[in-house]
Each structure stands twice: as C-alpha cells, then as structure tokens.
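Report on the structure given below.
As the structure is a prediction and not an experimental result, all values here were calculated from the model. Just so it is clear: chains get the letters A, B, ... in the order the sequence lines come, proteins before strands, and each one is counted from 1.
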Amino acid sequence: MRCMVMLDIKFIRENAEKIKWASQVKKIECDVDKLLELDAALVKLRQEIQNIQTEKNAAGKKISKASPEEKKQIIESMAQLKNREKDIQTQLDEMEPAYQSLLLQVPQIPSEDVPVGKDDTENVEIRKVGAIREFDFTPLDHVELGQKLNLLDIPRGVKLAGARSYFLTGNGALLHWAVIRFAVDFMVKRGYFPMYPPMIVREQVMRGTGYLPGGEEQAYMCERDNLYVAGTAEVPVTAYFSDEILNQADLPKKFVALSTCFRREAGTYGKDTAGIYRIHQFDKVEQVIVGRNDEQQSIELHEEILANSEGILQALGLPYRVMNVCTGDLGRGQVKKYDIETWMPSRNSYGETHSASRFYDFQARRLNLRYRDENGKIQFCHTLNNTVIASPRVLIAILELYQNADGTVTVPEVLRPYMGGMETLKRR
RNA sequence: GGAGAGGUGGCUGAGCGGCUGAAAGCGACGGUUUGCUAAACCGUUGAACGGUUUAUAACCGUUCCCCGGGUUCGAAUCCCGGCCUCUCCGCCA
C-alpha cells in the first residue's frame with residue numbers, strides 16, 4: 001500500500017477548478033494552486049536529474065572498456081555529475097514532503113447530483129417509506145422498555161467500562177443476535193459473500209481506507225503494537241485485496257461482513273447521551289463492493305446496496321427515509337453518500353442507521369487495489385459500502401415502535417425464527 | 001519472550017558487483033492443429049514517470065528486484081537501519 005495518492009496528479013492538473021470547487025463545498029482545506037506550483041517545480045527538477053542520470057549511465061558503460069587513463073578522466077567527470085545530482089536531489093527532498101501532504105488533502109469531487117450544503121441540516125430527503133406509528137397510549141423509550149423487560153443494563157455497563165457502555169441482557173441479547181443473523185442471511189441470499197474480518201489492523205489499512213489521516217481521534221489504538229481498532233468492517237474488508245491485481249472477470253466482488261465496531265466518540269460529550277444511540281461498541285453487518293473502474297457501474301451498485309438496506313428495513317417493518325447527503329457532510333473521499341434514517345419515537349425524529357458511500361477509485365488508489373481490464377491494462381478498482389444493520393442502534397427503533405400498551409414488545413415477524421419462535425418480549 | 005530463516009515480475013522460483021528488467025516453470029493473451037472440448041506445438045507477455053507524437057499506437061530516456069541510507073566509476077547482487085513474513089523453543093488459550 002505504497003500508493004498514497006488521493007487523486008491522480010494528472011487529473012488534478014487538468015481539473016484544478018473542479019477540485020477547488022470540491023474543496024470549497026466539502027469544506028475541506030486544500031491549496032490546489034500551491035500544489036500545482038510544487039508539482040511544476042518537481043517535474044522540472046526530475047527532468048534535470050534524469051538528464052544527469054543518462055550521462056552517468058553512458059559513462060558507466062564506457063568505463064569497462066576504457067584504457068586506464070581514460071578511466072581516470074571518466075571518473076573525474078563523473079564526480080562532477082554526482083555533485084550536481086546530489087544538489088538537485090537535495091532540492092527534491094526538501095520539496096517532496098510538502099507536495100505529498102498537499103496531495104493527501106485533495107478531496108474527491110462530489111457527484112453532480114449531490115446537493116450543495118453546509119452540514120447535515122442541509123441533507124436532502126429523497127423519499128420516506130413506511131407510516132409513522134401513532135400511539136394510543138404513552139409510549140416508553142427504549143431505555144425504559146429495556147429496564148422493564150430486562151433487555152438492557154446501562155448502569156452496570158457504565159460501572160465497568162465508563163460512559164456509553166452497556167449490557168444487552170436476556171431477550172435483549174437474543175434480539176440483538178436475531179437482528180444480526182437475519183441481516184446476514186438476507187444478504188447471503190442476495191449473493192453476497194460472508195466474511196468475518198480482523199478488526200485490529202495496521203496503520204496503512206486505516207490510511208488506505210481514508211480514515212487516516214483525519215480520524216485519529218475517532219479510532220482506538222493499541223500503542224504497544226502500533227495497531228488500530230477499526231470502527232467498521234468496511235476497513236478490513238475493503239483492504240482485503242490491497243496490493244493485489246484482480247481479474248476483471250471476477251468483478252464486482254460483493255461482501256457481507258459481520259464485526260464488532262469500536263468508536264471513541266471523542267468530542268461528542270453531551271451529544272446523544274441517552275440510551276444506546278451513540279456508544280463505544282456495537283455490532284454491524286456491513287456490505288462492501290469492489291468493482292470495476294466504471295462510473296456507471298459504480299452508480300448502479302450504489303443503488304443496489306441502498307436497495308439492500310431498504311429491503312432489510314422494510315422486512316423489519318421500520319419506517320425510514322433516504323437522505324442525499326450534502327457536500328458539507330461528505331467525507332474527503334466520498335463521491336456521493338446516501339444516509340438512511342430510521343424513525344425513533346423517543347427522538348421524535350429519524351435517526352441515522354445506515355450510510356451508503358461511493359468512492360470511485362479513491363480508496364483503491366490508497367490501498368493499491370487494482371485489476372487487469374480486457375485490454376490487459378491495470379486499473380484501480382472502485383469501492384462502495386453500506387450498512388446492512390447496526391445493532392443495538394436499530395433496536396431503539398424496533399423496541400420503541402413494536403411496544404404494546406401493556407409494556408411488552410412484539411417481536412417483528414422476520415426475527416421470530418431467530419428467537420426460537422418467540423412472539424413477544426416479556427419480563428423474565 | 002528466546003533463537004534462526006527470508007522478502008525478486010499476475011503466481012512459483014533462479015540469480016559470480018558490469019553482458020539481468022531479470023533464467024525456468026505456471027498462468028494469461030495471439031496463432032497453428034482439431035468434428036467439439038482437451039492436449040500438443042509456435043509466438044507474445046512487468047510497472048511508473050518524462051520526452052517525441054494527432055495518439056491511452058510506435059519510438060527514445062529515467063526509475064523500480066520490500067522501504068530508507070551507505071560502499072563502489074558501477075548494486076537485485078556487498079554493508080547498516082526500518083517494515084513485513086515464516087520456522088523452532090518457551091508461554092498461553
């Protein structure tokens with residue numbers, strides 16, 4: 001994973017204005033002019049050094065056949081060349097780091113159909129699906145339900161592990177596993193290849209997927225081992241084929257991965273403190289696609305992974321809406337992102353439960369993830385990913401929406417096979 | 001944790017300091033043969049960057065045999081550091 005280029009420098013040269021625009025609407029700092037200036041200077045120096053090397057090589061070839069006196073001469077002139085070379089090399093070495101770090105800041109250009117906006121308040125709703133339930137009694141929130149039905153124990157989680165920690169207990173744990181198994185099976189039926197990935201990964205995997213630099217504060221890290229704890233299976237699964245060259249015929253590769261996810265949630269003190277909405281550890285079923293370098297195909301696959309997740313929510317009978325995430329809320333590498341927000345009565349609003357991202361070759365470049373196309377040319381892949389289900393966050397919606405006046409919770413039908421046929425969650 | 005081995009092209013695997021961008025095999029691609037398939041035979045087959053050019057074609061140049069330094073007129077080949085992988089022993093599950 002040596003290739004740390006965000007976007008191809010040639011592309012940047014030719015699309016400087018678009019990138020400036022992207023940096024502006026994404027609110028990501030990036031000095032394109034400075035980058036191009038450095039780039040031009042570097043190209044010039046590299047040409048000079050190349051000429052010197054040509055001379056050196058020629059001299060080196062002569063030397064083995066030269067007479068002793070000639071050898072002396074050649075070696076002397078070589079010494080001069082080497083001095084000049086060293087000079088230029090020093091200049092190059094001085095400029096390179098600045099160039100590299102500027103290059104790393106270059107954002108991916110958003111798709112044309114992404115709304116321009118400053119932050120998540122300007123995301124645009126694409127559609128709403130499912131009717132919001134009207135209660136004819138006063139509904140409880142998931143924390144109260146969890147307590148009453150012994151599904152959830154936050155205080156003891158906090159006792160052992162600090163804020164944003166919890167236990168799922170009894171039927172709560174069973175419901176959690178049921179949701180996950182349902183989601184995995186759903187995706188496997190749709191032809192996705194199941195994976196259970198390592199979640200403690202090397203730094204270059206985090207860099208390759210775009211979480212570093214920038215996400216240092218969000219990720220747990222094992223300092224002794226210099227390894228990072230990934231916040232999502234997207235990280236190891238997208239990096240699965242890094243540094244490899246795949247066959248075009250094998251693409252797209254579609255994966256469904258289940259993992260526990262760890263997030264520090266630094267800088268969110270006071271945000272979403274109630275319940276199990278924002279927590280340090282959760283399980284997530286994730287879908288990841290590695291495809292051809294073909295924008296049209298990526299667009300279609302993006303719709304496909306979105307449809308998969310909508311299928312899950314519909315099967316669970318949860319009302320949701322699909323958001324077209326605006327430029328200001330897009331990550332550096334994302335071309336376009338759909339968020340799915342599921343209705344959560346206690347929040348009296350939709351809460352984000354899914355996030356479907358399209359990167360084109362942004363991650364693949366950093367991961368050195370390539371394939372050979374029909375002409376034998378090596379191309380960078382395209383990558384995409386989306387949540388299938390993240391639990392326990394989704395349990396908020398399930399518990400609150402499926403609660404009954406008597407304080408019990410009905411088990412959604414599709415989950416019952418995974419709960420030994422249980423139809424209702426009662427206190428036990 | 002202790003001791004050792006090693007990192008070469010899509011893969012496996014050779015490689016006296018100049019003739020090695022790299023043997024050989026496999027794979028892939030093109031062709032011959034063939035009722036079809038298979039087999040056999042012949043040929044082609046690394047990447048990035050820069051220049052010439054209408055050209056992602058051809059040609060020329062430079063760099064690249066894990067990364068970074070060093071020795072040398074010259075390094076895949078010698079030396080040092082780093083990263084990574086593997087084996088044995090110990091420990092643990």
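Using Watson-Crick or G-U wobble geometry with both donor-acceptor distances under 3.5 Å, B:A38 finds no partner in any strand shown. The partner of B:G21 is absent, by the rule that a Watson-Crick or G-U pair needs both atom distances under 3.5 Å. With a cut-off of 3.5 Å on both Watson-Crick or G-U wobble distances, the partner of B:C92 is given as none. When Watson-Crick and G-U wobble pairs are counted only if both distances are under 3.5 Å, B:U56 pairs with no nucleotide at all. With a 3.5 Å ceiling on both atom-pair distances, the Watson-Crick or G-U wobble partner of B:C64 is B:G46.
Taking the ring centroids of A:Tyr338 and A:His302, they lie under the 6.0 Å cut-off.
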For nucleotides 60-65 of chain B, which of its nitrogen or oxygen atoms have a protein nitrogen or oxygen under 3.5 Å away, and what is each distance?
residue	atom	partner	partner atom	Å
B:G61	O2'	A:Thr54	OG1	3.1
B:G61	N2	A:Gln50	OE1	3.3
B:G61	N2	A:Gln50	NE2	3.2
B:G61	N3	A:Gln50	NE2	3.2
B:U62	OP1	A:Asn57	ND2	3.0
B:U62	O2'	A:Gln53	OE1	3.0
B:U63	OP2	A:Asn57	ND2	3.4

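B:G9 and B:U44: their C1' atoms are spaced 15 Å apart (whole Å). Taking atom P in both B:G15 and B:G7, the straight-line distance is 10 Å, to the nearest Å. To the nearest whole angstrom, the two C1' atoms, one in B:G82 and one in B:C73, are 29 Å apart. The gap from the C1' atom of B:C89 to that of B:G27 amounts to 40 Å, rounded to the nearest Å. B:U45 and B:A24 have their C1' atoms separated by 15 Å, with the value rounded to a whole Å. Taking the C1' atom of each, B:G25 and B:U33 are spaced 24 Å apart, rounded to whole Å.
Nucleic acid contact for A:Lys10: sugar-phosphate only, since backbone atoms but no base atoms lie under 4.0 Å from a heavy atom of the residue. Contact annotation for A:Arg46: no contact, since no heavy-atom pair falls under 4.0 Å across all strands. Across all strands, A:Lys82 comes closer than 4.0 Å only to sugar-phosphate atoms, never to a base (heavy-atom distances).
In the set B:G10, B:U56, B:U85, B:U56 carries the atom at the smallest distance from any side-chain atom of A:Lys377.
The distance from the OG atom of A:Ser357 to the CG atom of A:Asp339 is 8.0 Å, given to the nearest 0.5 Å.
Counting only distance, with no hydrogens or angles, the side chain of A:His382 and the backbone of A:Ser298 share no donor-acceptor pair below 3.5 Å. Counting only distance, with no hydrogens or angles, the side chain of A:Asn386 and the backbone of A:Ile305 share a donor-acceptor pair below 3.5 Å.
Here the rule is side-chain contact (heavy atoms from CB on, under 4.5 Å) with A:Tyr402, and of A:Leu425, A:Thr410, A:Leu145 only A:Thr410 fits it.
The phosphate of B:A28 (OP1 or OP2) has no side-chain N or O of A:Arg372 nearer than 4.0 angstrom.
In this structure, A:Lys284 pairs ionically with A:Glu286, as a charged nitrogen and a carboxylate oxygen lie closer than 4.0 Å.
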